[in-house]
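Below is one structure, written out as structure tokens; the observations come after it.
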Amino acid sequence: MEEKTTGRTPLIAGNWKMNLQVTQAVDLVEKLVAKDVVGHGVEVLVCPPFTALYAVSRVVNPAGIKLGAQNMHWEEAGAFTGEIAPGMLAEIGCQYVIIGHSERRQYFGETDATVNKKVKAALINRLTPIICVGETLEQREEGLTDRLIRDQVKAALLGLDPEDVLKVVFAYEPIWAIGTGKTAEGCEANRVCRLIRETVGEINAEASSWVRILYGGSVKPTNYADFAAQPDIDGALVGGASLQAEQFAEIVRVAAE
Ligand code: 13P
């Protein structure tokens with residue numbers, strides 16, 4: 001495999017989505033710790049559901065595995081029934097938060113405008129936002145991918161201090177590849193990730209070479225090497241395979257090679 005010399009630490013992130021009760025969640029991270037996933041030049045992150053965050057933090061924080069939430073509100077506190085504030089996540093040991101996942105855009109009314117508010121709120125609270133962008137199959141077939149991705153990236157970063165652009169992570173998740181077993185070709189995923197990088201560079205030239213960009217969509221131990229070898233892909237946002245300790249640990253191993 002071609003040696004990558006980007007200076008960007010690979011990030012392998014597990015998005016558990018709406019899966020696992022607290023005991024199952026703790027069991028999974030205990031298995032990951034036992035599999036020695038930390039300390040191989042790869043940052044390892046798990047994003048459990050809200051109910052499991054605190055219990056999981058007690059296992060992963062001392063072990064050096066990073067913790068993230070899957071969503072949050074942009075306000076600090078107040079009358080927002082059912083919502084979780086950024087400070088609440090930071091308090092229990094979260095370092096990351098996924099923002100704008102396509103499932104939130106699709107089913108829960110997340111828009112580019114709310115993504116932008118959440119990105120700003122995350123940064124104020126020292127949480128690293130993982131900003132998700134991606135096109136539907138229909139948009140891809142109509143040739144709209146590049147314009148859509150650029151629009152999503154620009155909207156997410158609208159009004160940010162250029163210095164803060166250095167602190168975000170992007171995840172390119174083609175919607176047609178999520179949970180379908182279909183993946184983008186490595187080189188095509190890389191092309192879109194480079195487009196994200198160039199768009200970031202229009203706001204902060206330095207950030208274009210520093211910002212980390214993950215690929216997500218049916219990542220498995222068997223297909224990840226193709227993505228890991230791409231120069232503009234710095235890791236993976238893993239759904240289904242992150243629920244199996246062995247598979248997730250194996251993806252971390254591939255990233256470490
Ligand atoms: P799968 O890996 O299950 O396709 O999910 C990808 C995803 O949506 C991660 O955020």
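Order of listing sets the numbers, starting from 1, for every ligand and every atom in it. Below, all heavy atoms of this structure are taken into account, side chains as well, without hydrogens, waters or symmetry copies.
- Of all the atoms in ligand 1, the ones that sit under 4.0 Å from a non-hydrogen atom of Gly240 are 1 (P), 2 (O), 3 (O).
- When only interatomic distances are considered, the shortest N/O to N/O separation between His101 and ligand 1 falls below 3.5 Å.
- Checking only distances, Gly179 does come within under 3.5 Å of ligand 1, N or O to N or O.
- Residue Glu91 qualifies as open at atom CD: its count of foreign heavy atoms under 6.0 Å is 12 or below.
- Heavy-atom proximity to Ile178, at under 4.0 Å, picks out these atoms of ligand 1: 4 (O), 5 (O), 6 (C), 8 (O).
- Atoms of ligand 1 lying under 4.0 Å from at least one heavy atom of Ala177, given by number and element, are 4 (O).
- In the vicinity of Glu173, heavy-atom distances shorter than 4.0 Å reach the ligand 1 atoms 6 (C), 7 (C), 8 (O), 9 (C), 10 (O).
- In this structure, Asp151 and Asp112 approach most closely via the heavy-atom pair O-OD2, 4.4 Å.
- Side-chain N or O atoms of Gln230 include one that pairs as donor or acceptor with a backbone N or O of Asp226 at under 3.5 Å.
- A pairwise comparison of heavy atoms in Gly41 and Thr9 identifies O-CG2, 3.6 Å as the closest pair.
- The main-chain N or O of Asp232 is found under 3.5 Å from a side-chain atom of Arg197 such that the two form a donor-acceptor pair.
- Near Leu237, with a cut-off below 4.0 Å to any heavy atom, the atoms of ligand 1 are 9 (C), 10 (O).
- Between the Asn204 side chain and the Gly201 main chain, no donor and acceptor come within less than 3.5 Å of each other.
- At least one N or O atom of Lys17 sits closer than 3.5 Å to an N or O atom of ligand 1.
- In the model, His101 has a side-chain atom that pairs as donor or acceptor with a side-chain atom of Glu173 under 3.5 Å.
- Close approach of ligand 1 to Gly217 is summarised as follows: ligand atoms under 4.0 Å from at least one heavy atom of the residue are 4 (O), 6 (C).
- Close approach to Asn15 involves these atoms of ligand 1, each under 4.0 Å from a residue heavy atom: 9 (C), 10 (O).
- Under the 3.5 Å distance criterion, the side-chain polar atoms of Asn125 are left unmatched by any main-chain donor or acceptor of Leu127.
- Among the atoms of Ser218, some N or O lies under 3.5 angstrom from an N or O of ligand 1.
- For atom 2 (O) of ligand 1, the nearest protein heavy atom (residue, atom name, distance) is Gly239 N, 2.9 Å.
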